[in-house]
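Here's the structure, in structure tokens; my notes come after.
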There are 2 protein chains.
Amino acid sequence: MAKANLPSSEELMKLDNFLCFAIYSANHAFTRVYKPLLDELDLTYPQYLVMVALWEKDDQTVGSLGEKLFLESSTLTPMLKRLEAMGHILRTRDKADERQVRVQLTETGRALREKASRVPIGIADATGMEPAEVARLKQEIAALRASLLR
Amino acid sequence: MAKANLPSSEELMKLDNFLCFAIYSANHAFTRVYKPLLDELDLTYPQYLVMVALWEKDDQTVGSLGEKLFLESSTLTPMLKRLEAMGHILRTRDKADERQVRVQLTETGRALREKASRVPIGIADATGMEPAEVARLKQEIAALRASLLR
DNA sequence: CCAAAATAAATCGTTCGCGATATAATCGCA
DNA sequence: TGCGATTATATCGCGAACGATTTATTTTGG
């Protein structure tokens, strides 16, 4: 064959051919699937992600949470204040470097992990995919993210 | 071997193993890559998606746009009002059924398509992927979205 | 040692995104 | 026909999310 069938500019401009739109809409779909599960925990989806990050590693700074979650302090600060108001975390200035704020789980915050332990099962269910397939797709999307942020 | 190594509940609770988080963060990454390109058009990323949907098919109702974009009227109405204020679209009540609002491109809105035609190239570039690979990944994620919304 | 640069969070204004609810128009059926 | 149910959009309140800016602290170079 002479050459691959490159997509026409017409084809390129169709919404359903956009990788970004697939991701955008899949993200909304995830949010909707999580909603009823997280309502049980009185957490929003982004708040849940912050808690997961803290359950994995307690006592992080706002900056290190932001790096892991790819979020800015302008997003995290208000969220963390809400989690603090709910009693899940404590925010304290670092003694050694007063610029930094250390985020720590409270007993309540740690306890929530138990209730949350069933959430991943429910989500895995909703994907309708095998664990190995999920892992592969996740890996590909993480690689894409890395390319995009390069 | 006796059985597959099922992921432990500990492993399941790590942020980097979450498919949803890969998608969540890839979505943010896309938003950031689009930002400088869309600044040229004075459009936000969601506004751009609406315009793409209209360039593909003009004269749609709010409801049909919502179906295609997976968005509620409570999200679309304010967005469409902004696009109207910018002069890209017109919103008019359907004569035959006054409940519906028809969204139509203005001349300005149609003209913007030219300027936008270079955007997909820039994005494709940033993904660092072959068109065929992009198409495959897009397909898989669309299938995932369908499972989630089922 | 101290002023300038760098760093970490927080604040502000704007836009998205949703659920719940309101409003208005149309439909269905008794 | 007419009135209750359904449908389409809009409104409201709240929580993300970001860029630009501010404030406070620390680091660095002279």
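Throughout, protein chains are lettered first and strands after them, A, B, ... in sequence-line order, and every chain is numbered starting at 1. Keep in mind that this is a model prediction, so the values were computed, not measured.
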- Nearest to side-chain heavy atoms of V101(B), which nucleotide of dT25(D), dA10(C), dT9(D): dT9(D)

- Message: Distance check, rounded to the nearest 0.5 Å: E98(A) atom CD versus T92(A) atom OG1?
- Response: 10.0 Å

- Note on the structure: note: F30(B), atom CZ; dC16(C), atom C1'; distance rounded to Å ~ 19 Å

- Please give, in whole Å, the distance from dT11(D) P to L80(B) CG? 12 Å

- Query: When the ring planes of Y48(B) and Y34(B) are compared, do they come out parallel, tilted or perpendicular, using 30° and 60° as the limits?
  - Reply: tilted

- Could you state the atom-to-atom distance from CD1 of I89(B) to C1' of dT9(D) in whole Å? 14 Å

- Compare side-chain N and O positions of R91(A) against OP1 and OP2 of dA10(C) and report whether any pair is under 4.0 Å apart. yes

- Any donor-acceptor pair under 3.5 Å linking the side chain of R102(B) with the backbone of R91(B)? no

- Message: Using side chain to side chain contact (heavy atoms under 4.5 Å, CB included), reason through Q104(A) and Q60(A) one step at a time and then give a plain yes or no.
- Response: CA-CA 7 Å; Q104(A) 290 158 304; Q60(A) 298 191 61; over 6 Å; no

- Message: Do L83(B) and L90(B) land in one hydrophobic cluster if side-chain heavy atoms of ILVMFWY residues count as linked below 4.5 Å?
- Response: no

- Can you check the R93(A) CZ to dA10(C) C1' distance for me, whole Å? 8 Å

- Message: Starting the side chain at C-beta, find the nucleotide from dT11(D), dA9(C), dT25(D) nearest to V62(A).
- Response: dA9(C)

- Message: When you measure only distances, ignoring hydrogens and angles, does the side chain of R99(B) come within 3.5 Å of the base of dT9(D) through a donor and an acceptor?
- Response: no

- Item | Protein-nucleotide distance (D97(A), atom CG; dA6(C), atom P), rounded to Å | 17 Å

- Query: dT9(D) P sits how many Å from E84(B) CD, rounded?
  - Reply: 14 Å

- Specify the separation, in whole Å, of atom CG of L38(A) and atom C1' of dC18(C). 14 Å

- Message: How many whole angstroms separate atom CG of L76(B) from atom P of dT15(C)?
- Response: 16 Å

- Item | Test salt bridge (charged side-chain N to carboxylate O under 4.0 Å, His left out) applied to K138(A) and D16(B), step by step | CA-CA 9 Å; K138(A) 182 216 68 193; D16(B) 282 343; over 6 Å; no

- Contact letters for nucleotides 14-22 of chain D, in which S counts primed atoms plus P, OP1 and OP2 and B counts the base, heavy atoms under 4.0 Å: -SSBBBB--

- Ignoring backbone atoms, test whether K95(A) places a side-chain nitrogen or oxygen under 4.0 Å from the OP1 or OP2 oxygen of dT25(D). no

- Message: Is the distance from the ring center of Y45(A) to that of Y24(B) below 6.0 Å?
- Response: yes

